[in-house]
There are 2 protein chains.
Amino acid sequence: MATREQIVAAADRLFYHHGYEHTSFADIAGAVGLSRGNFYYHFKSKDAILDAVIEARLDNTRQMLEQWESEAPTPAGRVMRYVEIVLTNRADIQDYGCPVGTLTTELAKLEHAMLGQAGRLFTLFRGWLREQFVLLGQAAQADELAMHVLAFSQGVAVMANAFRDEAFIRREVDRMREWLSTYEK
Amino acid sequence: MATREQIVAAADRLFYHHGYEHTSFADIAGAVGLSRGNFYYHFKSKDAILDAVIEARLDNTRQMLEQWESEAPTPAGRVMRYVEIVLTNRADIQDYGCPVGTLTTELAKLEHAMLGQAGRLFTLFRGWLREQFVLLGQAAQADELAMHVLAFSQGVAVMANAFRDEAFIRREVDRMREWLSTYEK
DNA sequence: GTCTATATACCGATAGAC
DNA sequence: GTCTATCGGTATATAGAC
């Protein structure tokens with residue numbers, strides 16, 4: 001793998017696990033096995049790395065959504081794929097929360113210029129979920145339902161991180177499955 | 001107001017607005033009008049200030065819960081008081097998220113020793129909500145319902161912070177009001 | 001493309017005068 | 001109880017050898 005890609009992958013993981021501000025160039029360099037100095041050949045600032053990390057996450061998310069569309073035949077099944085992320089990624093979420101939600105929360109507090117870029121991650125999921133609800137015949141309220149599903153995932157992620165309670169996550173997913181079944185064709 | 005209390009009040013606000021790690025001693029000292037050096041007469045470390053901030057938040061929360069109990073006659077009305085925080089504190093939540101959720105999220109990523117202390121804030125709300133559901137005759141699942149209400153507030157807070165959409169908040173509060181009415185005696 | 005060495009600034013924390 | 005001065009550490013970022 002190219003050095004630049006290794007840097008982005010390491011920064012992605014460290015930003016998620018320890019936060020953007022708390023992660024230093026030395027941390028990323030150490031994870032990749034590079035010296036600090038050589039860093040600026042690949043990225044001219046810490047903001048530039050964050051930008052690359054967000055773009056990489058957008059690409060990975062687009063791929064994941066495409067995969068869900070090919071794997072889950074019905075719109076309701078696709079929405080459930082999203083809902084079940086909190087179980088699929090349970091271990092990471094309990095330790096570090098939602099990668100999208102926690103990044104957005106942190107950048108908002110830092111009044112960081114890249115906050116808008118990070119918001120595109122939420123918007124990507126929002127638009128995809130909205131499409132699924134349109135396909136479910138809920139065009140009039142598709143965006144509102146998409147926002148509700150997003151809020152669900154964020155609420156569960158924050159609580160799972162705070163209390164590390166797997167049974168809670170399973171109950172909330174079951175609750176969402178039941179709620180979603182009322183919209184199923 | 002005593003200098004110590006001024007420090008705690010300033011640190012409380014700055015930790016909420018800009019995060020714990022991003023807030024420096026110089027920031028707090030500047031807000032209070034003190035020199036950095038004099039700081040250590042009142043608090044021997046930054047952790048000690050965080051501890052005092054958490055204790056102050058616990059005290060304020062207990063007072064708020066007592067007030068809700070005196071103002072709202074029914075358990076369902078009290079739970080709705082909690083649910084409606086996202087509207088009552090809408091402006092702050094859109095700018096900075098939930099003070100409890102965002103602090104817990106940040107301390108988890110920092111692997112900070114005070115994470116357990118911050119968790120007491122969530123536990124305080126959780127126990128109080130559980131009591132209300134017991135009074136509603138839902139003793140068997142009171143804790144699960146309490147956790148659901150907490151997850152609601154955290155989900156709405158993260159989304160409100162990310163999208164700054166007041167209509168979304170109002171819709172979600174209405175949704176919770178309807179859900180809660182099914183448990184009302 | 002990778003390295004060492006370094007510049008500059010800020011961090012939490014301390015010492016000591018008043 | 002408040003101040004100034006300062007320590008040691010680390011941060012982002014740069015310069016220049018190889």
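All heavy atoms count here, side chains included; hydrogens, waters and symmetry mates do not. Keep in mind that what you see is a predicted model, and the values were worked out from it rather than measured. First the proteins, then the strands, lettered A, B, ... as listed; each starts at 1.
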* Any donor and acceptor pair, going by atom type alone, linking the side chain of A/N60 with main-chain N or O of A/A56 inside 3.5 Å? ->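 Yes; judged by distance alone, with no hydrogens or angles, the pair exists.
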* Where the side chain of B/E184 meets the backbone of B/L180, is there a donor-acceptor pair that is under 3.5 Å apart? ->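 Between the backbone of B/L180 and the side chain of B/E184 there is no qualifying donor-acceptor contact (under 3.5 Å).
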* A/L50 has an atom CG; how far is it from atom C1' of D/dA13, in whole Å? ->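 Rounding to the nearest Å, CG of A/L50 and C1' of D/dA13 are 17 Å apart.
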* Could you state the CD1-C1' distance from A/I49 to D/dA11, rounded to the nearest angstrom? ->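 After rounding, the gap between these two atoms is 13 Å.
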* Tell me yes or no: between the side chains of B/Y96 and B/T102, is some donor less than 3.5 Å from an acceptor? =>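 The answer is no; no qualifying pair exists.
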* Asked: Does B/H22 put a side-chain nitrogen or oxygen below 4.0 Å from OP1 or OP2 of C/dC11?
  ->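 Checking B/H22 against C/dC11: no side-chain N or O falls below 4.0 Å of OP1 or OP2.
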* Sugar-phosphate atoms are those with a prime plus P, OP1 and OP2; base atoms are the rest. Using that split, label each nucleotide of nucleotides 12-18 of chain C B, S or - for protein heavy atoms under 4.0 Å, 5' to 3'. => SBB----
* Asked: Got a sec, which pairs hit salt bridge (charged side-chain N to carboxylate O under 4.0 Å, His left out) with one end in residues 64-74 of chain B, sequence neighbours left out?
  ->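 Qualifying pairs: B/E71-B/R81.
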* **Option among A/W68, A/F122, A/F133 that satisfies the ring-ring contact (aromatic ring centres under 6.0 Å, His included) test with A/W128** =>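 Output: one option passes, namely A/W68.
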